[in-house]
Number of protein chains: 2
Amino acid sequence: MIKVFSKEYRVKHNDTDFSGLLSIASLGNFVLDTAGLHAIEIKTSMEILNKQNLTWVITGMHFNIIEMPKINSEIKITTKITETSRLACKRDFFVEHNQKIIAQVSTEWLIINCETRRPVFLTDILPHINNLITPENQIDKYHHLRFQINEKALKNYYSVAYSDIDINKHLYSMRYIELAMNTININYFSNHKISTIDINFMSEILYGENIEILTENFDNIYHIEMQNSEHKPMFRAEIVWK
Amino acid sequence: MIKVFSKEYRVKHNDTDFSGLLSIASLGNFVLDTAGLHAIEIKTSMEILNKQNLTWVITGMHFNIIEMPKINSEIKITTKITETSRLACKRDFFVEHNQKIIAQVSTEWLIINCETRRPVFLTDILPHINNLITPENQIDKYHHLRFQINEKALKNYYSVAYSDIDINKHLYSMRYIELAMNTININYFSNHKISTIDINFMSEILYGENIEILTENFDNIYHIEMQNSEHKPMFRAEIVWK
């Protein structure tokens, strides 16, 4: 079984933001695609889990951005499992353009029971997973974000629509970060580049849910939290700009 | 010069909607990507026009959907210029999966001056374009939609955000149709499949603009119109369901 898996992508027009460079959300979609293809290869795929009424859920991501590529660039994403615990699996990604590392991403995953929505022990389900670990040269794990957003923070409201949801009728993983970034003034994007992003996926958000997005910043750091209508935190992100 | 150009794509997880089938917006993005690559090949690309302070704008699209492919399907898109007039260029697309046509799309384009925003004569700018036409086996042109939306139509409001815009800080072409489709109840998608879509791009919509989206339906036909804050129509779509 291939422990280290690579896949190439071309940056299309719609993968970029107004800067003409690859957007965070599209980079995230490429990364998740690579993970899915590698999982099929090593027999840890969604399809295999779904047959047992189980599924992978992503709990967090860390992005380290060195330089984003332009429209029509070819990028290569290399992924491997770098760590497991009783419940969690860490998967890292190295993004290259012209043989140079331009971004690094790490992700953490749990297997949950589709009915109870509770995590199960990883090796109970995938006994071979510990033979698939390549621990060398790891990327930092995402930070657990425990910030308290100030009551005076900027507030935005959004209702989850048809184009935001995936096959499970939940908000797409990368749509969380797009909606979070939409609350930042566009002039800030024009004058700053992203250095790192830490993401905590705390709860799934369903079709039609009304969410409140709270945003505050201190110098070059943005804290963004999504809450449901009962003010329960569903998602947190910390964006650090260069 | 290659008059008929083909490109293959794999349908990624994020290219599908909640049905697990390729979404209209992602199909549109693939189609526009194929057009861009062919234009580079035949020296009619955006880059060449931009150097003369000109740009391509899309004025309309017609989609004929036979069957949408699933996640991880490979599709092949073949494109050619099928017609030109003094101002407009028609480009058609044939989408195949397993050697079977699963969708057909036609598009119409103008070249405009970036400052005056007025169209210019096609052959003044690209004298070789009439040698690139392959008129056989054309796909229907989009309908000019002249419907009047009833005052009692469903009204939705949207403010154009960071993740909606392209390098020109305008709403992405395919984001118009996503926002239009977001106004349709999700149960309708569960129970019906799209047969055809006609799209009229009437005016560009800028970052931060507040738009009103009006939606009404008669049997299996949806009419959707976007208006700016002065109630000027910016976009119209007609979706016919099977």
Side-chain angles (χ1 to χ4, degrees), chain A residues 7 9-21 23-26 28-30 32-37 40 45-47 70-72 156-170 172-175 177-190 206-208, chain B residues 7 9-21 23-26 28-30 32-37 40 45-47 70-72 156-170 172-175 177-190 206-208:
Chain A
K7 171 87 184 153
Y9 299 90
R10 186 173 57 86
V11 176
K12 302 194 307 299
H13 177 75
N14 62 295
D15 296 320
T16 64
D17 68 10
F18 74 94
S19 69
L21 304 176
S23 70
I24 294 289
S26 293
N29 281 328
F30 288 145
L32 297 179
D33 186 61
T34 318
L37 292 175
I40 292 171
S45 68
M46 279 290 186
E47 285 73 23
K70 286 194 286 200
I71 292 175
N72 279 330
N156 279 275
Y157 299 89
Y158 190 76
S159 178
V160 175
Y162 160 74
S163 70
D164 302 319
I165 56 169
D166 67 9
I167 197 165
N168 300 311
K169 290 195 188 175
H170 305 161
Y172 263 110
S173 319
M174 288 303 108
R175 193 67 184 133
I177 190 70
E178 275 189 345
L179 292 173
M181 292 172 80
N182 283 353
T183 66
I184 301 174
N185 190 293
I186 201 153
N187 295 325
Y188 201 86
F189 286 95
S190 303
L206 302 178
Y207 174 75
Chain B
K7 171 88 184 151
Y9 298 89
R10 187 174 56 85
V11 176
K12 302 195 307 301
H13 179 73
N14 63 295
D15 296 319
T16 63
D17 68 10
F18 75 95
S19 69
L21 304 176
S23 70
I24 294 288
S26 293
N29 282 327
F30 288 144
L32 298 179
D33 186 61
T34 317
L37 292 175
I40 293 171
S45 69
M46 279 288 188
E47 286 72 24
K70 286 193 288 200
I71 293 174
N72 279 331
N156 280 275
Y157 299 89
Y158 190 77
S159 178
V160 175
Y162 160 76
S163 69
D164 303 320
I165 56 170
D166 67 10
I167 197 163
N168 299 311
K169 290 194 187 176
H170 305 161
Y172 264 110
S173 318
M174 286 305 107
R175 193 67 185 131
I177 191 69
E178 276 190 345
L179 292 174
M181 290 172 80
N182 283 351
T183 66
I184 300 174
N185 190 293
I186 200 153
N187 295 325
Y188 201 85
F189 287 95
S190 302
L206 302 177
Y207 175 75

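Lettering follows sequence order; numbering is per chain, from 1.
Contact annotation for B:Leu32: neither backbone nor side-chain heavy atoms come within less than 4.5 Å of a heavy atom of chain A. Looking at A:Asp33, only its side chain comes within 4.5 Å of chain B, counting heavy atoms on both sides. If you measure heavy-atom distances from A:Tyr9 to chain B, the contacts under 4.5 Å come from the side chain alone. Proximity to chain B is limited to the side chain of A:Leu37, based on heavy atoms less than 4.5 angstrom apart. Neither the backbone nor the side chain of A:Asn168 comes within contact range of chain B; no heavy atom of the residue lies under 4.5 Å from a heavy atom of that chain. For chain B, no part of A:Leu21 is nearby; none of its heavy atoms comes within less than 4.5 Å.
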> Taking it one step at a time, do A:Asn182 and A:Asn156 satisfy side chain to side chain contact (heavy atoms under 4.5 Å, CB included)?
Replying inline: CA-CA 9 Å; A:Asn182 283 353; A:Asn156 279 275; over 6 Å; no
Given side chain to side chain contact (heavy atoms under 4.5 Å, CB included), test B:His170 with B:Ile165 step by step and report yes or no.
CA-CA 5 Å; B:His170 305 161; B:Ile165 56 170; 5.9 Å; no
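When the ring pair (Phe, Tyr, Trp, His ring centres under 6.0 Å) test is applied to B:Tyr162, the partners found at least two apart in sequence or on another chain are A:Phe189.
Remark: A:Ser163 OG to B:Ile24 CD1 distance equals 13.0 Å, nearest 0.5 Å.
Side-chain atoms of A:Thr183 never come within 3.5 Å of backbone atoms of A:Leu179 as a donor-acceptor pair (strictly under, hydrogens ignored).
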